[in-house]
Visitor: 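Dumping the structure here so I can ask a few things about it.
This chain uses plain numbering: 1 for the first residue, then up along the sequence. Since we're looking at a predicted model, the values are computed, not measured.
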Amino acid sequence: MEPTSLIGPDRLWSAHEVLLRPSPVPAAPGVYGWHFEQTPHKDLPAGRLLYIGIAPRYMANRTSAQNLRKRVRYHYRGNAAGSTLRLTLGCLLGLELRRVGSGKRMTFGKAGEATLSHWMADNARVCWMEQDKPWELESHLISQLDLPLNLDQNRHNAYHSRLKELRAQARQRARELPISF
């Protein structure tokens with residue numbers, strides 16, 4: 001269970017490469033790590049692992065259809081309502097979070113999500129490692145590594161309270177604005 005393939009990977013993959021068909025990302029369970037050539041905030045270091053995620057997440061009462069390929073591709077082209085990484089990055093970049101649809105979901109709107117996808121294509125690089133029960137490795141990695149963009153299980157990180165507050169402020173502002181369609 002050595003995470004060196006996430007911390008100092010042999011290769012990092014760009015949005016362009018990940019979104020190709022066929023995708024190089026395996027349709028398997030595992031842990032993925034995000035590195036940034038330029039970080040979304042001046043207080044964060046560039047060129048190193050800042051966030052990890054897993055696919056699938058642990059589900060006691062049903063089987064998840066998620067896998068590395070689906071999750072990584074979604075982070076590159078999805079929206080903030082379905083990706084905590086995108087929510088965090090957008091908030092750090094100063095994009096305006098908005099309530100959309102029925103008003104329960106929050107995204108950066110079409111233009112903001114496009115801006116974020118472009119920024120990620122230019123700056124975000126990903127690596128992964130297959131792991132049958134990725135939730136078991138996730139807790140270990142978060143407890144041992146400095147992962148400032150992870151919030152869950154990461155209260156010990158020096159950036160945690162600042163990031164949590166920034167996201168809470170963005171959500172509060174979104175609640176005060178009219179629903180965007």
Side-chain angles (χ1 to χ4, degrees), residues 1-41 44-59 62-93 95 97 100-101 105-142 145 147-154:
M1 279 206 300
E2 196 52 46
T4 54
S5 60
L6 296 174
I7 299 166
D10 292 334
R11 188 173 194 309
L12 291 169
W13 299 82
S14 70
H16 173 76
E17 293 168 315
V18 163
L19 296 174
L20 286 173
R21 292 191 185 271
S23 176
V25 186
V31 180
Y32 51 88
W34 290 90
H35 298 245
F36 298 90
E37 293 182 4
Q38 176 185 332
T39 65
H41 193 274
L44 295 171
R48 74 166 188 82
L49 179 66
L50 296 180
Y51 178 88
I52 63 158
I54 63 169
R57 62 186 175 91
Y58 177 74
M59 301 177 94
R62 67 184 177 96
T63 303
S64 173
Q66 289 295 313
N67 60 49
L68 286 169
R69 181 180 303 151
K70 289 178 184 178
R71 282 310 292 161
V72 169
R73 289 170 63 98
Y74 190 88
H75 285 308
Y76 268 128
R77 66 174 183 196
N79 64 57
S83 166
T84 190
L85 176 63
R86 288 183 70 89
L87 174 62
T88 292
L89 293 173
C91 288
L92 288 168
L93 291 167
L95 300 176
L97 193 63
V100 296
R105 294 176 56 240
M106 293 187 188
T107 74
F108 297 109
K110 286 186 180 181
E113 293 291 350
T115 297
L116 180 55
S117 291
H118 182 76
W119 185 90
M120 289 183 72
D122 288 345
N123 297 290
R125 301 294 179 261
V126 68
C127 58
W128 56 84
M129 58 185 284
E130 292 184 39
Q131 180 76 20
D132 287 336
K133 296 178 182 175
W135 51 90
E136 292 177 356
L137 184 55
E138 179 187 35
S139 296
H140 171 74
L141 292 173
I142 290 173
L145 302 175
L147 299 166
L149 300 185
N150 281 83
L151 284 178
D152 188 38
Q153 305 177 58
N154 204 19

Visitor: Could you tell me which non-hydrogen atom of F108 sits nearest to which non-hydrogen atom of G90, and how far apart they are?
Guide: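 Closest approach of F108 to G90, heavy atoms only: CZ-CA, 3.4 Å.
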Visitor: Which residues pass the side-chain hydrogen bond (donor to acceptor under 3.5 Å, both in side chains) test with R73, sequence neighbours left out?
Guide: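 Scan of R73 (side-chain hydrogen bond (donor to acceptor under 3.5 Å, both in side chains), adjacent residues dropped) gives none.
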Visitor: Could you tell me whether the side chain of E37 reaches within less than 4.5 Å of the side chain of L12, counting heavy atoms only?
Guide: no
Visitor: Quick one: does any side-chain atom of N150 pair with a main-chain N or O of I142 as donor and acceptor, under 3.5 Å?
Guide: no
Visitor: Considering all heavy atoms of both residues, which atom of P134 and which atom of P56 are nearest to each other, and what is their separation?
Guide: CG-O, 3.5 Å
Visitor: Write down the atom of P148, the atom of R48, and the distance for their closest heavy-atom approach.
Guide: CD-NH2, 4.0 Å
Visitor: Going by heavy atoms in the side chains, are L149 and W34 under 4.5 Å from each other?
Guide: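 They are not in side-chain contact.
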Visitor: Nearest heavy-atom pair of A121 and A15: which atoms, and what distance?
Guide: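 A121 and A15 have their closest heavy atoms at CA-CB, 3.8 Å.
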Visitor: Checking A114 now: which residues fulfil side-chain contact (heavy atoms from CB on, under 4.5 Å) with it, not counting sequence neighbours?
Guide: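 Testing A114 for side-chain contact (heavy atoms from CB on, under 4.5 Å), a comparison that skips the adjacent residues, returns none.
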Visitor: Could you give me the CA-CA distance, side-chain angles and deciding distance for V25 and V126, then say whether side chain to side chain contact (heavy atoms under 4.5 Å, CB included) is met?
Guide: CA-CA 10 Å; V25 186; V126 68; 5.7 Å; no
Visitor: So how far is it from K70 NZ to H75 NE2, rounded to the nearest 0.5 Å?
Guide: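 If we round to the nearest 0.5 Å, K70:NZ and H75:NE2 are 14.0 Å apart.
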Visitor: Mind listing the closest non-hydrogen atom pair of T39 and W119 along with its distance?
Guide: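 In this case the closest contact between T39 and W119 is C-CZ2, 3.7 Å.
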Visitor: Going by heavy atoms in the side chains, are R57 and Q66 under 4.5 Å from each other?
Guide: no
Visitor: Ignoring hydrogens and angles, tell me if any N or O in the side chain of Y76 forms a donor-acceptor pair with the backbone of A124 under 3.5 Å.
Guide: yes
Visitor: Nearest 0.5 Å, please: how far is CD1 in I54 from CG in L68?
Guide: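 It is 10.0 Å, given to the nearest 0.5 Å.
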Visitor: With sequence neighbours excluded, what pairs up with D152 under the side-chain hydrogen bond (donor to acceptor under 3.5 Å, both in side chains) test?
Guide: none
Visitor: Do side-chain atoms of T107 reach the backbone of N79 as a donor and acceptor pair under 3.5 angstrom?
Guide: no
Visitor: Taking only residues two or more places apart in sequence or in another chain, which ones pass salt bridge (Lys or Arg N to Asp or Glu O under 4.0 Å) with E130?
Guide: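 With neighbours one apart ignored, the set is empty.
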Visitor: Heavy atoms, side chains only, cut-off 4.5 Å: are L89 and F36 in contact?
Guide: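 Yes; the side chains approach each other to less than 4.5 Å.
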Visitor: Checking H35 side chain against L6 main chain: does a donor-acceptor pair fall under 3.5 Å?
Guide: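 Yes, because the side chain of H35 sits within donor-acceptor range (under 3.5 Å) of the backbone of L6.
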Visitor: Can you list the residues that meet the salt bridge (Lys or Arg N to Asp or Glu O under 4.0 Å) rule with R86, with sequence neighbours excluded?
Guide: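 Result, salt bridge (Lys or Arg N to Asp or Glu O under 4.0 Å) vs R86: E113.
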Visitor: Distance from N123 atom CG to Q38 atom CD, nearest 0.5 Å?
Guide: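 If I round to the nearest 0.5 Å, the distance is 4.5 Å.
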Visitor: Below 4.5 Å, heavy atoms only, C-beta onward: do L50 and P45 meet side chain to side chain?
Guide: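 The answer is yes; the side chains approach within 4.5 Å.
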Visitor: Quick one: pull up CD in E138 and OH in Y32 and give me the separation to the nearest 0.5 Å.
Guide: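 So the gap between those two atoms works out to 8.5 Å.
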Visitor: Could you list all the side-chain hydrogen bond (donor to acceptor under 3.5 Å, both in side chains) pairs where at least one residue sits in residues 14-29, not counting sequence neighbours?
Guide: R11-E17, S14-E17
Visitor: Is T84 close to L151 at the side-chain level, that is, under 4.5 Å between some pair of heavy atoms?
Guide: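 Side-chain contact under 4.5 Å: no.
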